[in-house]
Amino acid sequence: MAADDVPPFRYTAALAADIELRWQQRWEADGTFNAPNPAGALAGPVADNKLFIMDMFPYPSGTGLHVGHPLGYIGTDVYARYKRKTGFNVLHTLGYDSFGLPAEQYAIRTGQHPRVTTEDNVANMRRQLGRLGLAHDNRRSVSTTDEAFYRWTQWIFLQIYNSWFDPSHGRARPITELIASFASAERATPHKPWAEMSKVEQRLLIDEHRLVYVAEIPVNWCPGMGTVLANEEVTADGKSDIGNFPVFKRNMKQWMMRITSYGDRLLADLDRLDWPEPIKLMQRNWIGRSAGARVTFDSHAGPIDVFTTRPDTLFGATFMVLSPEHPMVDVLTAAANAEAVAEYRKAAATKDQFDRTAADREKTGVFTGSTATNPVTGKQIPIWIADYVLMGYGTGAIMAVPSGDERDFSFARQFGLPIVATQMPPHAWFQSHQIAPSAICDDWKEAYVGEGTYVNSSNETLSLNGITSVSEAKEATNAWLEHHGHGEGTINYRLRDWGFARQRYWGEPFPIVWDEHGPIALPDDMLPVLLPEVEDYAPEPIDPNDEITDPQIPLARATHWTAVELDLGDGPKTYTRDLNVMPQWAGSCWYEMRYIDPVNDQRFIDPANERYWMGPRAAGDVGGVDLYVGGVEHAVLHLLYSRFWHKVLYDLGHVSSEEPFHRLFNQGYIQAYAYTDDRGQYVEAEEVVERDGKFLHNDRPVKREYGKMGKSLKNMVTPDDMYDNYGADTFRLYEMSTGPLDASRPWSTRDVIGMQRFLQRLWRAMVDEETGACTVVDTPADDATRKLLHKTIHGVSEDMDALRFNTAIAKLIELNNSLTSLSATPRDVAEPLVHMLSPLAPHMAEELWAKLGYTESLTYAAFPVADPALLVENTIEYPVQINGKVRGRITVNADADGKAVEGLAMADAKVTEALAGAMPKKVIVVPGRMVNIVV
RNA sequence: GUGGGCGUGGCGGAAUGGCAGACGCGCUGGACUUAGGAUCCAGUGAGGAAACUCGUGGGGGUUCAAGUCCCCCCGCCCACACCA
């Protein structure tokens with residue numbers, strides 16, 4: 001059958017594979033996509049126009065790729081190839097985020113060293129992606145696990161470590177400048193003058209100011225895995241993402257990075273970025289800046305600070321609530337209450353985060369037995385502890401204003417605490433609750449949080465009564481607080497400092513050693529600190545219910561490595577190395593810059609190269625990567641951390657750009673249907689058929705679900721399947737045709753054939769399927785075809801610039817379909833069509849370009865430009881509407897004016913018939929578009 | 001709960017406020033065939049013989065004109081989730 005009927009040069013999967021592999025080899029051999037730098041080892045002549053385009057780099061996981069993974073990579077490749085053809089020097093490559101938990105877990109499962117599995121996985125991904133024909137500069141592909149890479153990760157860490165944040169300048173400065181200002185007494189030191197401090201005292205004071213510091217903080221402790229986890233590695237129900245072990249909040253000594261110092265700038269500079277609004281919003285919410293006041297309440301055990309966004313309601317603060325973890329709870333608890341408090345604290349500590357933070361829970365809490373003084377009323381108010389107050393936000397203590405805060409209200413009702421109104425709600429509010437208006441809150445059913453006239457809010461020196469505006473009352477209260485030393489207006493952030501250490505193996509070692517006083521940074525010339533070999537790199541699991549035992553850090557087993565003799569300026573001494581490794585995010589915080597200068601062994605990046613590829617293009621511009629494409633899942637983590645590191649490097653003068661990623665684009669996801677049988681087992685999705693709206697597998701009904709693609713869901717389709725059955729060009733085209741790049745869409749193998757047919761038709765329009773000879777003729781195209789060609793060029797260019805590849809493909813199909821009615825394809829259409837095809841289906845385009853007689857790759861050959869003269873129509877067909885419904889059509893010379901169009905419309909036979917003598921009230925002529933007659 | 005996004009043929013999706021459904025899949029018919037799960041050609045929103053009518057989740061509004069703008073409701077997706 002059949003196979004031998006297929007003409008030898010029909011564009012089949014086999015021919016596609018032949019073409020694709022040949023061109024991929026040639027591109028590789030010629031270094032076709034190598035982009036020159038202005039300076040350094042990769043220097044060459046550079047164009048003024050440049051485009052630095054990036055994908056979020058992948059984890060080299062062991063399971064390989066499915067067809068969902070390359071969506072963004074294809075998108076950026078199409079765009080990059082298009083821009084190359086419009087004169088841009090394009091930097092595009094892809095590296096690997098190869099440190100971290102996934103690689104380590106995979107290595108542990110397979111029993112091999114993480115480096116071996118990582119390198120295997122990288123090689124496999126390179127093969128799968130290489131077959132796609134991505135136009136990457138492979139000289140620039142780096143892995144975060146390369147020693148030559150993480151050497152600079154450690155170097156940047158040291159830059160941050162050796163800096164402090166100067167609030168008066170709002171930026172980071174070298175720590176040496178802080179030391180100088182202490183030494184010159186320009187800046188005061190606490191307790192005693194700098195000169196009188198011992199070396200160790202000086203050191204500890206300086207350490208307090210560094211952007212990297214050690215602190216005892218609550219972390220996500222997962223005994224089952226023997227490590228601390230990042231927030232994003234903990235599932236919504238308080239279990240570890242991998243292994244499903246319980247996770248506990250627990251205090252532990254941790255390396256921290258002072259990202260909160262940059263809260264204001266990270267927030268403000270969002271306005272200067274070309275990012276999707278939803279992502280900016282997520283970052284704003286994550287940073288969570290709120291303006292309010294710090295208020296000090298005095299107690300017998302000392303002052304207690306609270307943060308409030310509503311200082312104006314201070315007169316209504318009838319009790320205080322502390323987080324169970326608050327450090328003052330012990331000293332505030334009276335003997336009679338000690339047992340209840342201890343019990344409550346224990347219950348809160350063992351509750352996992354999910355239970356603890358589940359919203360709309362009934363309020364719980366206990367009284368400490370102590371009171372504090374409300375600074376404006378002078379009254380004693382009880383101090384409670386309750387788990388709805390979180391240690392991780394504000395000061396871990398609140399003033400409770402039940403009349404003005406929903407949570408405080410339900411707590412007060414729960415425990416019968418007094419409620420005092422400070423604002424009179426409007427009548428409508430009382431009406432909606434069907435209660436009589438009153439500032440006595442006995443009947444109130446909820447707190448009132450809006451604007452309202454202040455009542456019950458005065459003392460001898462402050463009166464808010466009669467004020468109607470919240471902001472005015474806030475200002476008055478803040479001024480009073482500051483004047484009387486009870487607090488001040490302040491800004492609070494939800495953002496916490498970044499916990500920067502992991503007790504694992506597969507990460508960057510800290511370039512830090514310890515002596516008996518604390519940590520000491522290694523000098524730059526001792527980098528890199530290589531990850532030592534150990535017998536067993538798996539973290540040691542601890543009984544999942546054991547919250548006490550400290551983590552057994554894998555690097556501690558490298559006994560030959562942990563103790564090291566060094567001369568750090570005080571003569572040779574034995575130091576202990578820091579045993580932590582950096583979190584997954586470290587390498588991705590700066591990898592875009594290593595793409596620019598991948599082999600530079602003098603600096604992490606040459607300033608000239610950074611300026612060229614990332615520098616600001618105009619005054620006030622933040623600079624950065626021109627286009628960064630990736631999924632939304634990194635909205636707040638990677639994208640916030642990398643902004644933070646970049647800003648530190650900017651402050652220290654290492655880069656000219658203020659932001660790493662100028663423009664961000666979120667690609668959608670490819671999703672897939674999966675099917676389960678009556679036992680709930682997944683069945684092969686490819687074998688399921690649809691009949692009469694029901695889904696059947698071997699004639700048995702199955703249930704359909706929609707979501708991820710994966711091996712375990714038996715709905716995984718791999719790029720290799722696509723290469724085998726259709727070829728890479730068809731696969732690329734299919735992925736780009738199914739929708740706009742930022743939209744998620746379902747995978748449908750059945751639909752792929754459409755793009756293969758398109759390529760087959762296009763191939764057949766230029767190549768004889770029997771002989772493989774080029775059939776393009778030199779006779780010029782007819783006018784109609786030329787017009788369609790230029791309309792297509794115009795539209796496709798616009799679509800390419802706007803990343804609308806789906807509509808660009810539709811336009812190319814239209815043009816190609818019109819060619820099939822011609823006896824032969826004219827060269828003056830064939831060549832531009834091949835150019836327009838080349839970003840999308842580069843292999844076929846190269847092959848056709850060669851058949852058209854060219855020997856050079858068309859990678860840098862100019863993209864066609866539409867002739868404006870051919871874009872204007874000589875005549876225009878106007879639909880003529882009567883009251884919005886089309887009743888006739890007229891064909892009018894393009895240069896006819898509105899009056900003429902109106903005249904012709906009114907004279908049209910169908911129109912006069914439909915009008916039936918009725919007098920038009922108004923005639924609207926939209927030039928070039930339509931006519932609407934209103935009767 | 002709060003914030004954000006999205007609802008268009010059987011399916012994926014097109015449409016600067018201006019002729020809804022480009023393009024592809026599927027489907028129907030035809031061609032070539034001993035054969036078609038290959039390829040090519042034509043048709044394909046619904047109703048209707050046709051003229052025509054109805055159609056973008058539902059309801060209202062603005063406009064000469066609404067898928068598009070405004071208000072209310074319903075549904076789905078995502079993020080955050082007692083943030084003081």
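Hydrogens, waters and symmetry mates play no part in the numbers below; they use all other heavy atoms, side chains included. In what follows, chains carry the letters A, B, and so on, assigned in the order in which the sequence lines appear, proteins first and then strands, with residues in each chain numbered from 1.
- At least one side-chain heavy atom of A/Ile809 sits less than 4.5 Å from a side-chain heavy atom of A/Met755.
- Side chain A/Arg889 to base B/C19: a donor-acceptor pair is found below 3.5 Å.
- Regarding contacts with the backbone of B/C54, a side-chain N or O of A/Lys885 is found under 4.0 angstrom from either OP1 or OP2.
- Heavy atoms of A/Glu277 sit nowhere under 4.0 angstrom from any nucleic acid atom.
- Residue A/Val934 has its side chain nearest to B/C64 when only B/U39, B/C19, B/C64 are considered.
- Note on A/Arg887: only backbone sugar-phosphate atoms sit closer than 4.0 angstrom, heavy atoms only; bases stay farther off.
- Using bins of under 30°, 30° to 60° and over 60° for the plane-to-plane angle, the ring pair A/Tyr393/A/Phe307 lands in the perpendicular bin.
- Residue A/Arg284 has no polar side-chain atom (N or O) positioned under 4.0 Å from OP1 or OP2 of B/A79.
- For A/Asn806, the listed nucleotide lying nearest its side chain is B/G13; candidates were B/G18, B/U39, B/G13.
- Atom NZ of A/Lys910 is surrounded by 12 or fewer heavy atoms from other residues, nucleotides or ligands within 6.0 Å.
- In this structure, A/Ser410 reaches neither bases nor backbone, as no heavy-atom distance under 4.0 Å exists between it and the strands shown.
- Between A/Arg764 and B/C40 there is a side-chain polar atom (N or O) within less than 4.0 angstrom of OP1 or OP2.
- Candidate nucleotides B/A84, B/G26, B/C23 were compared by shortest atom distance to the side chain of A/Arg750, and B/G26 ranks first.
- Residue order along RNA chain B, read from the 5' end via each residue's closest nucleotide, puts A/Ala743 first among A/Ala743 and A/Ile924.
- For the residue pair A/Ser737 / A/Asn806, no side-chain donor-acceptor distance below 3.5 Å is found, with atom types taken as modelled.
- When each of B/C83, B/A14, B/G18 is scored by its nearest atom to the side-chain atoms of A/Val926, the top-ranked nucleotide is B/G18.
- Across all strands, A/Met930 comes closer than 4.0 Å to base atoms (heavy-atom distances).
- For B/C23, its base never sits under 3.5 Å from the side chain of A/Lys811 at any donor and acceptor pair.
- Regarding contacts with the backbone of B/A81, a side-chain N or O of A/Arg494 is found under 4.0 angstrom from either OP1 or OP2.
- Residues A/Asp408 and A/Thr738 each lie close to RNA chain B; by heavy-atom proximity, the contact nearer the 5' end of the strand is made by A/Thr738.
- Side-chain N/O atoms of A/Asn817 include one lying less than 4.0 angstrom from OP1 or OP2 on B/G24.
- Side-chain N/O atoms of A/Asn932 and base N/O atoms of B/C64 include a donor-acceptor pair closer than 3.5 Å.
- The listed nucleotides are B/A79, B/C19, B/G12; the one nearest the side chain of A/Gln881 is B/C19.
- Side-chain atoms of A/Pro278 lie closest to B/G4 of the nucleotides B/G18, B/G12, B/G4.
- The pair A/Lys363-A/Asp408 does not meet the salt-bridge criterion, since no charged nitrogen lies less than 4.0 angstrom from a carboxylate oxygen.
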